[in-house]
Enquirer: 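Starting off with a structure, shown below.
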Protein chains: 2
Amino acid sequence: MAKTRDRARERVGSPLDTLHFALDRSSPVPLYYQLAQQLEAAIEHGALAPGNLLGNEIDLSTRLGLSRPTVRQAIQSLVDKGLLVRRRGVGTQVVHSQVKRSLELSSLYDDLEAAGQGPTTRVVRNETVPASADVAAALGLAEGADVILLERLRSTHGQPVALLCNYLPAGLLDLDTARLETTGLYRMMRAAGVTLHSARQTVGARSATAEEAARLDEKEGAAVLTMQRTAYDDTGRAVEYGSHIYRASRYAFDFQLLVRT
Amino acid sequence: MAKTRDRARERVGSPLDTLHFALDRSSPVPLYYQLAQQLEAAIEHGALAPGNLLGNEIDLSTRLGLSRPTVRQAIQSLVDKGLLVRRRGVGTQVVHSQVKRSLELSSLYDDLEAAGQGPTTRVVRNETVPASADVAAALGLAEGADVILLERLRSTHGQPVALLCNYLPAGLLDLDTARLETTGLYRMMRAAGVTLHSARQTVGARSATAEEAARLDEKEGAAVLTMQRTAYDDTGRAVEYGSHIYRASRYAFDFQLLVRT
DNA sequence: CAGTGGTCTAGACCACATT
DNA sequence: ATGTGGTCTAGACCACTGC
């Protein structure tokens with residue numbers, strides 16, 4: 001520490017200077033997206049280290065043969081993802097490693113997207129029933145309207161993890177039991193042309209009933225996580241309501257918040 | 001229904017045509033932001049009803065005397081908030097009411113921002129201690145380094161709701177106990193110049209220990225929600241680690257997911 | 001003061017959905 | 001064929017930061 005030259009910030013070229021970006025203007029993939037992906041890859045594999053400055057946007061755009069707005073759009077998307085931080089008068093830098101590690105963790109979103117991808121899923125029930133009052137309310141249907149009731153048991157390593165109970169408006173989707181066990185509900189919905197837009201979730205806890213405990217291989221009264229979710233497509237229609245129970249001893253929700261500024 | 005003229009979609013002017021937007025170019029508030037706020041207000045108070053088309057961006061920009069990119073930026077911010085949906089070849093419309101209601105619900109973020117705002121908070125401990133291994137790891141400090149330990153009991157309506165245990169790097173902040181009970185931790189951090197950037201959270205459940213049960217006015221073995229959170233500032237420094245317990249009978253996490261497209 | 005990001009303009013062409 | 005949003009350009013001026 002003693003002999004370190006104390007020019008706190010030597011002005012150095014950005015590590016970006018030596019990086020090569022391959023932009024394909026004939027690709028249908030937008031240029032800003034191509035750039036964002038390659039920047040993200042550079043961050044991920046360490047070519048851009050935490051704290052590194054990216055160098056100003058103007059230089060970058062001329063070097064890449066892009067306009068500044070396009071470069072900004074690419075950078076902004078990574079800022080929105082939490083990988084970069086912008087500071088006026090300073091520059092754009094890669095967030096520090098501790099934060100990055102967190103960002104790589106699985107999120108609740110993954111759980112949503114990949115629902116059904118867990119090692120094994122067994123479909124316990126898959127039938128059409130009249131909607132109860134609460135289900136009808138959640139899906140925006142009339143009480144007694146036909147809904148598909150889906151009950152699944154999810155396991156990992158041969159141990160039950162969760163009891164999933166879903167309701168979908170009848171006719172929205174063809175729910176083949178065999179496919180459900182391998183493909184996952186959300187993937188099937190996507191394949192059927194349902195584009196998810198948003199979902200509202202509530203996570204709570206309570207003690208397992210005797211029946212739940214038996215199904216989940218827990219003791220009666222053990223703590224379980226509960227989750228209710230209503231998912232909407234991009235027309236605002238409720239397309240799924242789920243009421244799920246997770247073994248607290250084997251599952252936790254893990255996710256990331258980005259603070260909107 | 002019988003005599004309705006069945007031109008399924010009569011081309012009508014957007015409800016936006018009759019709306020007035022007051023843009024102040026001398027204001028330091030960006031134009032796109034002014035527009036976004038006024039659009040959001042129009043949606044909220046019903047001038048723009050769910051399903052309404054906004055009309056094309058070009059017309060809107062000329063009517064407002066703005067450039068198209070500026071108008072797009074305003075619209076995009078509302079799309080990101082989940083209030084609007086864009087469809088190529090169709091237009092931009094207000095999402096349907098069911099989704100909107102969900103969006104208005106409190107989110108985990110509110111919990112973060114407003115931590116301490118709950119009716120009453122009692123500070124049980126507020127002292128400097130050496131960091132244990134797990135706390136040191138979470139905060140990125142050396143084991144044994146000084147950290148502030150904060151223990152609070154939060155209540156609503158005279159009933160305990162949560163037991164909050166926070167660790168902060170020593171010297172980051174002056175934590176006055178009296179202010180903590182009225183102002184909230186995150187507000188105090190913000191006031192001290194700490195700008196939050198992101199946080200990673202894990203939500204789980206377990207049975208309450210005897211001591212926890214006593215403090216939360218529950219029975220031993222009652223299910224409680226657990227939450228661990230590490231918060232980072234915009235330099236990537238960990239500025240807070242919390243390990244909290246909530247009474248499952250009185251609290252649940254409620255939040256919204258927007259599906260990135 | 002110099003350098004950075006933040007905002008804004010006035011166009012352009014394209015892909016896509018609907019008619 | 002028409003109208004929409006999606007993308008892109010090549011500039012401009014301002015506000016803030018750090019020296």
Side-chain angles (χ1 to χ4, degrees), chain A residues 6-14 16 23-37 52-80 84-94 193 195 234-235 261, chain B residues 6-14 16 23-37 52-80 84-94 193 195 234-235 261:
Chain A
D6 224 347
R7 257 203 287 159
R9 282 158 225 264
E10 312 192 19
R11 180 155 306 279
V12 293
S14 160
L16 225 61
L23 300 172
D24 177 5
R25 296 190 101 95
S26 70
S27 161
V29 178
L31 292 172
Y32 78 88
Y33 193 80
Q34 293 183 36
L35 177 54
Q37 280 187 316
N52 279 174
L53 286 172
L54 252 62
N56 76 57
E57 299 170 350
I58 315 267
D59 287 356
L60 189 53
S61 57
T62 59
R63 275 207 305 120
L64 296 175
L66 297 173
S67 69
R68 185 183 170 203
T70 302
V71 171
R72 271 186 71 80
Q73 195 174 0
I75 292 177
Q76 188 59 46
S77 71
L78 296 187
V79 171
D80 292 341
L84 298 177
V85 181
R86 284 203 225 248
R87 295 168 199 262
R88 175 147 37 176
V90 179
T92 303
Q93 38 185 317
V94 181
T195 61
D234 56 5
T235 71
T261 45
Chain B
D6 223 346
R7 258 202 287 158
R9 281 158 227 263
E10 312 192 21
R11 181 155 305 278
V12 294
S14 160
L16 226 60
L23 298 173
D24 178 5
R25 296 191 100 93
S26 67
S27 162
V29 178
L31 291 172
Y32 78 89
Y33 193 81
Q34 294 183 36
L35 177 55
Q37 280 188 316
N52 278 174
L53 285 172
L54 253 61
N56 75 56
E57 300 169 347
I58 314 268
D59 286 356
L60 190 53
S61 56
T62 59
R63 275 206 306 118
L64 295 175
L66 296 173
S67 70
R68 184 181 170 205
T70 302
V71 171
R72 270 186 72 81
Q73 194 173 359
I75 292 177
Q76 188 59 46
S77 71
L78 297 187
V79 171
D80 292 342
L84 298 177
V85 181
R86 283 205 229 247
R87 296 168 199 261
R88 173 145 42 173
V90 179
T92 303
Q93 40 185 314
V94 181
T195 61
D234 57 4
T235 71
T261 45

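Lettering follows sequence order; numbering is per chain, from 1.
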Enquirer: What closest approach, in Å, do B/Leu23 and B/Gln34 show between heavy atoms, and which atom pair accounts for it?
Expert: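 Taking B/Leu23 first and B/Gln34 second, the nearest heavy atoms are CA-OE1, 3.4 Å.
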Enquirer: Please report, rounded to the nearest Å, how far the C1' atom of C/dT7 is from the CD atom of B/Gln34.
Expert: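 Value for this atom pair: 12 Å.
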Enquirer: Stepwise, does the side-chain contact (heavy atoms from CB on, under 4.5 Å) test hold for A/Thr92 with A/Leu53?
Expert: CA-CA 6 Å; A/Thr92 303; A/Leu53 286 172; 6.0 Å; no
Enquirer: Distance check: side-chain N/O of B/Asn56 vs OP1/OP2 of D/dG3, anything under 4.0 Å?
Expert: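 Answer no for this pair, as no side-chain N or O of B/Asn56 is under 4.0 Å from OP1 or OP2.
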Enquirer: Run the side-chain contact (heavy atoms from CB on, under 4.5 Å) test on A/Ile58 and A/Arg68 for me, step by step, so that the C-alpha distance in whole Å, both residues' side-chain angles and the decisive distance to 0.1 Å come before the verdict.
Expert: CA-CA 6 Å; A/Ile58 315 267; A/Arg68 185 183 170 203; 3.7 Å; yes
Enquirer: Applying side-chain contact (heavy atoms from CB on, under 4.5 Å), run through A/Leu31 and A/Leu35 and close with a yes or a no.
Expert: CA-CA 6 Å; A/Leu31 292 172; A/Leu35 177 54; over 6 Å; no
Enquirer: What are the two closest non-hydrogen atoms of A/Val94 and A/Leu54, and how far apart are they?
Expert: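 Of all heavy-atom pairs spanning A/Val94 and A/Leu54, the closest is CG2-CD1, 4.2 Å.
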Enquirer: Can you tell me if the side-chain N/O atoms of A/Arg86 get under 4.0 Å from OP1 or OP2 in C/dT4?
Expert: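 Looking at the OP1 and OP2 atoms of C/dT4, neither is under 4.0 Å from any side-chain N or O of A/Arg86.
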Enquirer: Report the distance from atom CD of B/Gln93 to atom P of D/dT4, rounded to the nearest whole Å.
Expert: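 After rounding, the reported distance stands at 14 Å.
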Enquirer: Treating primed atoms plus P, OP1 and OP2 as sugar-phosphate and everything else as base, which nucleotides of nucleotides 8-14 of chain C get B, S or - for protein heavy atoms under 4.0 Å?
Expert: SBB-B--
Enquirer: Looking only at the side chain of B/Val90 (C-beta and beyond, no hydrogens), which of the listed nucleotides C/dG5, C/dA17, D/dT17 gets closest?
Expert: C/dA17
Enquirer: Counting only side-chain nitrogens and oxygens, does B/Arg72 get under 4.0 Å of the OP1 or OP2 atom of D/dG6?
Expert: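 So the side-chain polar atoms of B/Arg72 do come within 4.0 Å of the phosphate oxygens OP1 or OP2 of D/dG6, strictly under.
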Enquirer: Got a donor-acceptor contact below 3.5 angstrom from the A/Arg87 side chain to the B/Asp234 backbone?
Expert: yes
Enquirer: Can you list the steps and then say if A/Arg86 with A/Gln76 is a side chain to side chain donor-acceptor pair (under 3.5 Å)?
Expert: CA-CA 9 Å; A/Arg86 284 203 225 248; A/Gln76 188 59 46; 2.8 Å; yes
Enquirer: Between B/Leu35 (CG) and C/dT7 (C1'), how many Å, whole number?
Expert: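 Atom-to-atom, B/Leu35 to C/dT7, this comes out as 14 Å.
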Enquirer: Specify the separation, in whole Å, of atom CD of B/Glu57 and atom C1' of D/dG6.
Expert: 9 Å
Enquirer: What is the distance, to the nearest angstrom, from the CG atom on A/Leu53 to the P atom on D/dG18?
Expert: 12 Å
Enquirer: Which heavy atom in A/Leu78 sits nearest to a heavy atom in A/Ala36, and how many Å separate them?
Expert: CD1-O, 3.7 Å
Enquirer: From CG of B/Asp59 over to C1' of D/dT4, roughly how many Å is that when rounded to an integer?
Expert: 11 Å
Enquirer: Let me know the distance between CG of B/Leu60 and P of D/dG3, rounded to the nearest Å.
Expert: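 It is 17 Å, rounded to the nearest whole Å.
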Enquirer: CG of A/Leu23 versus C1' of D/dT7: gap in Å, rounded?
Expert: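 Rounded to whole Å, this separation is 14 Å.
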Enquirer: Once you build an axis from the first five pairs and another from the last five of the helix from C/dC1-D/dG18 to C/dT18-D/dA1, how far apart in angle are they, to 10 degrees?
Expert: 10°
Enquirer: Is it the case that the side chain of B/Thr70 and the backbone of B/Leu66 share a donor-acceptor pair, with hydrogens and angles ignored and the cut-off at 3.5 Å?
Expert: no
